[in-house]
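The sequence lines fix the lettering, A, B, ..., with proteins before strands; numbering per chain opens at 1. Excluded from the calculations below are hydrogen atoms, water molecules and symmetry mates; all remaining heavy atoms, backbone and side chain alike, are included.
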2 protein chains.
Amino acid sequence: MEKKQVEAITARDVDFAQWFTDVVKKAELIDYSSVKGMFILRPYGYAIWENMQAVLDAEFKKLGHENVYMPMLIPESLLQKEKDHVEGFAPECAWVTYGGSEKLEERLCIRPTSETLFCEHYANIIHSYRDLPKLYNQWCSVLRWEKTSRPFLRHREFLWQEGHTMHATAEEAMEETVRMLNCYADFCENVLAMPVVRGVKTEKEKFKGAEKTYTVECMMHDKKALQAGTSHYFGDGFAKAFGITFTDKNNQQAYPHQTSWGVSTRLIGGIIMTHGDDNGLILPPRIAPTQVMVIPVAQHKSGVLEAAGALRSRLANAGFRVKMDESEQSFGWKAAEYEMRGVPLRLEIGPKDMEKGQCCIARRDTGEKTFVPLDQVEETVGRLLDEVHQNMYDRAKQNLEDNTYEAQTLEEVKTIVNSKGGFVKTKWCGELACELKMKEEAGVSSRCMPLSQSGTEGVCPVCGKPCTTDIYWGVAY
Amino acid sequence: MEKKQVEAITARDVDFAQWFTDVVKKAELIDYSSVKGMFILRPYGYAIWENMQAVLDAEFKKLGHENVYMPMLIPESLLQKEKDHVEGFAPECAWVTYGGSEKLEERLCIRPTSETLFCEHYANIIHSYRDLPKLYNQWCSVLRWEKTSRPFLRHREFLWQEGHTMHATAEEAMEETVRMLNCYADFCENVLAMPVVRGVKTEKEKFKGAEKTYTVECMMHDKKALQAGTSHYFGDGFAKAFGITFTDKNNQQAYPHQTSWGVSTRLIGGIIMTHGDDNGLILPPRIAPTQVMVIPVAQHKSGVLEAAGALRSRLANAGFRVKMDESEQSFGWKAAEYEMRGVPLRLEIGPKDMEKGQCCIARRDTGEKTFVPLDQVEETVGRLLDEVHQNMYDRAKQNLEDNTYEAQTLEEVKTIVNSKGGFVKTKWCGELACELKMKEEAGVSSRCMPLSQSGTEGVCPVCGKPCTTDIYWGVAY
């Protein structure tokens, strides 16, 4: 039979963007469709999303949230009810103007996000304080007609979840906003092995229509920032715009306070760019579609396939996501293929191993190989998967720390940005003018004001005014 | 506090359509949105769909299928590639004509179904017999711009899954078509407690673009038919239209053979209309969001809440979906509310029960109450849930059998349809003219030619020609 070759990919440090595209294609995560900016999530890419969904959905439900499904189309008049919101989203809406052969009286946009739909529904179902809180979440796809696109990072259509909650008081809504921000941060760190900076967006960078936007920011291998998830506090602005009121405990009419929060398939882009190397993808074990790939060595020899199959079954029974490749491809091809696909552990067993009552387990993250007695396979795999996770997290954390710099002046910021890249931490006076000048002169946008503020005195690097607020700057995806 | 009343609903036999709408609203399954025909799936309705998804998705995966996600928009030129298909669907497409403020060069329709998108992708990724079979499935929403709409039964947008598979041979594809039909039939019967008739659609009723459409047909309480799921065999028609070819084992170019199959949230409509009664919904235990509702009796009395809570925890630990209502609503309100919501079992415990070391379990399907010693609660709940399922199935099966009639002549069919309703089984010669005349004169459409054919001789009730094919007729949703 023909021998397949696993083709080499561009090296990360030669052309990171090309490396990213190569990995996405070669690991069969995505394919292009005939509509620009709309991508096909192939089985391996979609399986990563399914595993993320399973973890997040369980977490949301544990926190009391319920899933719903809202229509995908929003009448133009409904979208226009909240002024800031429509200004932010209308320019990138896709508009339905015909139903069959009939021209619609009012055009409908495909949801870019569903605040307006949730608010319309909440106005129908919230009447009394007893109806609060409402803790709803939706898994769906949304559409934003962007000019440029890139697999996982910027799709015109992407899959996400959007939580939309309503609360009796501002305090409760603010608690929810921060709770969900922390939920995302913990998910990134404990499940995706992606360390985060938790913080608050500036007025300029916040979500259109929100009072306050919280964010988790991650650093990619190329030192650029990725906004991994956001959680918004709306106050009662939407409630007023949509006429949502309730009778409170003192029998007074009141407006509820609102949040929304979301993460998307963009996180898969984050995983690739945080962990991947020149041999391809490296998947965090907790969301890897296949955690262990069993490869029989010299599989034509007597008993090898049976021994390999027995290990596969044992690991499956122990609850691991495990597959076996008994195809006719060469061992070398298989090893390279599952490296490309980022499978955390490769388990090899051949005649010599069988004689010694052992198998060999290779780690994707370090390349390290261990010989494991057959009766210790389950236990070792469990331990190694945790070690792989921890090592991936530690490496990414090191990258974040090594490439985060402090600066006092605009000149220092510029020097750092031009010579090294990464995040720059400065003080900031809070003025939009200084934020804009930073972008113009140093080419960096504000990432966030970290939740853990030092409280020390300093000066704004742009205007020189004394101030205490810490802020992160960087180049973002 | 105010006493809430659970309002009565219309009786089934007074106005079945109104009863259905009442149940859907009162059980909080659905709400209306501002776009006609697009409905909101509320938490309780969506949770039923989630439970269905979990069972079906596991079943699909067991059969080797993988999930993917395709774009939601289809360029008009792509939709037009297969002639029968576009004729069937174009009249009910919603068309996107603007992206932001820019008029699109080619209009895009929101997917009414995704054969064309899958085929375009398959043309990219199928090259060799080694790439086959491709067994893909997608969970998504689709849009069909219908004139009339009804909760669950006919939405302009509805949630569904669509399987799309490609095979090296016609035989394999046909096996897959029947396999998935049986998968749906088993799901309806074993999970939803809905007995089905498995069969094949006539040419007139088959899916646009398919060679053969298999269907599972269920009978509702009002004796009308509901098409619960369909599985289509496409031959190589789409493959030819889309230029999908592969090199077979003999190194010849060949066209692969295709199937598609789907079920939707329509199944929830089927559940409501199969099982519900004048007190509301009755949910099949295997997909009920809450299988057991624990209601403390005289909950202000010492120890009652603790005892009820302990039972709730024990049942949750045993793997049942269980909730407790300790709100201040009256016992009567709670009992009526969870009847309306169709919770299969209600578990009550009060001071007297505690003295006797027992609790009381009431079945939703029969109203029967049993006193259960506290140490036998898990075991009894498990057994009762199975009994409820079986009883619901048996009742529905009885309804199907009692209301299926055989007829030899068109006059007999008319008499049955007019006086009794239900399914009528006749012979059929296979001519479209006779099928159309049956519709015109007796008001019934062909439901299916059952897979288990009697093989006996008879005559077509319309033209009188001798023939052997058995066929079912009925009025359908």
Practice task
Select one option (side chain, backbone, both, neither) describing which atoms of B/N67 are under 4.5 Å from chain A's heavy atoms.
Solution key: both
Handout entry: Under 4.5 Å from any heavy atom of chain B - which part of A/K134
Key = neither
Handout entry: Residue, of A/I74, A/I110, A/N137, A/L117, that accumulates the most heavy atom pairs under 4.5 Å with chain B
Key = A/I110
Handout entry: Which of B/Q138, B/E102, B/E50, B/E106 touches chain A most, by non-hydrogen pairs under 4.5 Å
Key = B/E50
Practice task
Return yes if some donor-acceptor pair links the side-chain N/O of B/S330 with the main-chain N/O of B/W333 below 3.5 Å, else return no.
Solution key: yes
Exercise for the section: Among B/L108, B/L104, B/V35, B/D31, single out the residue with the greatest number of heavy-atom pairs under 4.5 Å to chain A. Expected result: B/D31
Problem - Aromatic plane relationship, B/F118 with B/H164 - under 30° parallel, 30 to 60° tilted, over 60° perpendicular - result: parallel
Problem - Residue, of B/R107, B/M72, B/R156, B/M38, that accumulates the most heavy atom pairs under 4.5 Å with chain A - result: B/M72
Handout entry: Residue B/I125 versus chain A: region with a heavy atom under 4.5 Å
Key = side chain
Problem - B/R144 NZ/CZ over B/W160 ring centroid, <6.0 Å and within 45° of normal - result: yes
Exercise for the section: Please determine if A/E146 and A/R154 form a salt bridge, counting it only when a charged side-chain N lies under 4.0 Å from a carboxylate O. Expected result: yes
Practice task
Show your reasoning for whether side chain to side chain contact (heavy atoms under 4.5 Å, CB included) applies to A/C93 and A/L79.
Solution key: CA-CA 10 Å; A/C93 284; A/L79 191 71; 3.9 Å; yes
Fill in the blank from the handout: Max heavy-atom pairs within cutoff under 4.5 Å with chain B, candidates A/E120, A/E28, A/H155, goes to A/E120
Problem - Polar side-chain atom of A/D131 near backbone of A/I126 as donor-acceptor pair, under 3.5 Å - result: no
Practice task
Identify which part of B/W95 has an atom lying under 4.5 Å from any heavy atom of chain A, answering side chain, backbone, both or neither.
Solution key: both
Problem - Segment of B/Y44 engaging chain A (4.5 angstrom heavy-atom cut-off) - result: neither
Problem - B/K61 versus chain A, the contacting section by heavy-atom distance below 4.5 Å - result: side chain
Problem - Lys/Arg N to Asp/Glu carboxylate O, B/K334 vs B/E337, below 4.0 Å - result: no
Problem - ring-ring contact (aromatic ring centres under 6.0 Å, His included) partner of A/Y122, the single match among A/F242, A/F246, A/F238, A/Y136 - result: A/Y136
Problem - Region of B/L78 in contact with chain A, defined by heavy-atom distances below 4.5 Å - result: side chain
